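Since the structure comes first, as structure tokens, the remarks are kept for the end.
Just so we're clear, the structure is a prediction, and the values are computed from it rather than from any experiment. Just so we're on the same page: letters track the sequence lines, and every chain starts at 1.
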There are 2 protein chains.
Amino acid sequence: MTPAAAPAAPSDLPLRERKKLRTRRDLVDTALRMFTERGFDGTTLDELCAAVEVSKRTFFRTFTSKEDVAMAPTQDLWQVFVERLTDRDPAGRPLAAELQDVLLEALAAMPDDGWAERTLLSRRLAASTPSMDAHGLHFCNRTSAGIVADLHRRLDLDPADPRPRLAIDLVVAAWHHALDSWTAQDGGHTRDALADRVRAAFAALPGALTFTAPARVAAAD
Amino acid sequence: MTPAAAPAAPSDLPLRERKKLRTRRDLVDTALRMFTERGFDGTTLDELCAAVEVSKRTFFRTFTSKEDVAMAPTQDLWQVFVERLTDRDPAGRPLAAELQDVLLEALAAMPDDGWAERTLLSRRLAASTPSMDAHGLHFCNRTSAGIVADLHRRLDLDPADPRPRLAIDLVVAAWHHALDSWTAQDGGHTRDALADRVRAAFAALPGALTFTAPARVAAAD
DNA sequence: CCGGATTGTGCCACTCAGTGGCATAAACCT
DNA sequence: AGGTTTATGCCACTGAGTGGCACAATCCGG
């Protein structure tokens with residue numbers, strides 16, 4: 001429920017909450033490090049909990065699963081995304097463009113202190129760990145379903161109109177492609193570079209539907 | 001690896017293979033029934049295996065996970081999809097349109113004998129079981145990644161061009177929306193009705209990118 | 001600064017998904 | 001029929017995830 005990885009409020013929060021946030025942060029950082037060094041399957045929760053000096057019971061009060069802790073960076077981003085979208089009136093201009101703007105805003109709101117590094121580790125792990133990939137996709141699907149439901153409520157759209165949902169799915173597809181290509185690139189894994197990838201992916205969307213592979217000439221090799 | 005739920009070859013196959021296929025079919029049918037009646041989490045693998053009179057070890061030689069057995073109908077469809085696509089030359093016309101045709105072909109190739117019913121149960125379960133939803137999305141993502149890689153190989157496309165992948169993701173988004181709305185509709189859960197939903201979702205794709213929610217007039221209620 | 005109310009944590013035992021190894025039985029092939 | 005191949009059953013084991021309860025740390029009113 002709490003933003004967590006955002007170290008936004010180090011003080012002004014009751015001591016208890018700050019401790020919880022610190023524990024959460026420790027768990028995420030240690031998990032990403034251990035999973036990266038020894039593999040996701042090669043690391044048991046008991047080992048992770050021992051390293052952070054926390055009981056397994058506490059781990060499951062903070063995260064819903066072993067996969068969950070390693071997906072924290074992405075979840076933090078989408079949480080901000082949803083918050084920002086709630087503050088807006090998305091009517092009167094193309095929905096997909098609106099969502100693109102909100103996504104870029106949320107991205108810009110991610111903390112400077114290491115969010116990009118954590119995201120990179122998280123994505124690399126997801127690429128090689130089926131259960132993490134599955135967990136991430138489910139989170140994304142659940143979140144976008146919530147967004148669609150919210151939009152229908154706020155804008156009282158025709159429930160039978162498939163376009164709002166398809167619009168979100170288009171945005172999500174572009175986001176995923178941006179994230180994958182950013183993860184795969186050599187170096188320069190900054191937040192701004194990711195934002196550039198997002199813009200490029202969005203720009204490619206209109207042409208994707210009509211994209212036609214050129215017929216090959218006879219002898220090419 | 002084997003097509004399985006397709007009862008295409010009842011004979012002409014060695015006895016051993018037929019037995020395996022029968023076991024697989026029994027497992028899928030019984031699993032869908034038990035999961036539907038008692039819930040996914042309310043059914044243990046031991047109970048399922050006892051009902052089919054198969055050892056748990058054998059179950060895991062046929063399916064990779066508890067979720068897997070309940071997703072069999074969808075997987076059978078996409079397996080045919082991939083096979084059909086391999087037999088084609090997708091160059092020279094819009095890729096998305098080509099993929100739409102292949103999807104409708106694969107759909108038409110699904111057996112009459114109850115595929116639609118199994119799919120309906122499977123989707124309803126997935127809608128209420130997070131781990132099944134996650135598993136299904138992961139399968140879908142892995143499959144489409146394979147398709148993209150194959151297309152790049154066969155058509156030697158520019159590896160940096162995001163459009164082929166986005167095109168697939170668009171098709172997948174339309175498919176998912178078609179499947180969800182078909183699942184949610186009242187009655188008439190036939191293969192043909194699903195095909196109609198698929199066509200409708202595809203038709204809505206071009207408008208999704210430019211969809212704009214109408215600005216609300218002041219007093220609506 | 002101290003009391004009780006509140007809330008987070010540690011420990012323990014438990015269920016159940018998923019895996020590896022090995023013996024056995026069924027189907028295959030002359 | 002007889003030897004080979006291949007699937008199945010059984011058993012023990014790891015590790016994720018959960019519920020219950022006692023304990024300790026924080027909070028808050030005096």
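Look at CG on B:L45: it is 6 Å from P on C:dG18, rounded to the nearest Å. The CG atom of B:D68 sits 13 Å away from the C1' atom of C:dG18 (whole-angstrom rounding). Regarding B:L48, its CG atom lies at a distance of 20 Å from the P atom of C:dT15, rounded to whole Å. A:E67 places its CD atom 9 Å from the P atom of D:dA16, with the value rounded to the nearest Å. Note: CG (A:L21) to C1' (C:dT7) measures 16 Å, nearest angstrom. Rounded to a whole Å, the CZ atom of B:R38 is 11 Å from the P atom of C:dC16.
Residue A:T58 places at least one side-chain N or O under 4.0 Å from the OP1 or OP2 atom of C:dG10. Dashed line: the shortest gap from a side-chain N or O of A:K20 to OP1 or OP2 of C:dG8 is under 4.0 Å. For A:K19, a side-chain nitrogen or oxygen approaches OP1 or OP2 of D:dT26 to under 4.0 Å.
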Check the pair A:D101 / A:R88 against salt bridge (charged side-chain N to carboxylate O under 4.0 Å, His left out), numbers first and verdict last. CA-CA 11 Å; A:D101 287 354; A:R88 286 185 175 230; 5.1 Å; no
Can A:R142 and B:D133 be said to form a salt bridge (charged side-chain N to carboxylate O under 4.0 Å, His left out), step by step? CA-CA 9 Å; A:R142 191 159 38 85; B:D133 184 50; over 6 Å; no
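Side chain B:K56 to base D:dG9: no donor-acceptor pair is found below 3.5 Å. Below the 3.5 angstrom threshold, one finds a donor paired with an acceptor across the side chain of B:R57 and the base of C:dG21. A donor-acceptor contact under 3.5 angstrom links the side-chain atoms of A:R61 to the base of C:dG10. Side-chain to base pairing of B:R16 with D:dT5: one donor and one acceptor N or O lie within less than 3.5 Å of each other.
Contacts of B:S131 with the nucleic acid, taken as non-hydrogen atoms under 4.0 Å apart, are absent.
In summary, A:R118 and A:D76 do not engage in a salt bridge, as defined by a charged side-chain N under 4.0 Å from a carboxylate O.
Annotation for A:A204 and B:R163: closest pair O-CG, 3.9 Å, computed over non-hydrogen atoms. Across all their heavy atoms, B:D161 and B:H152 have their closest contact at O-NE2, 4.3 Å.
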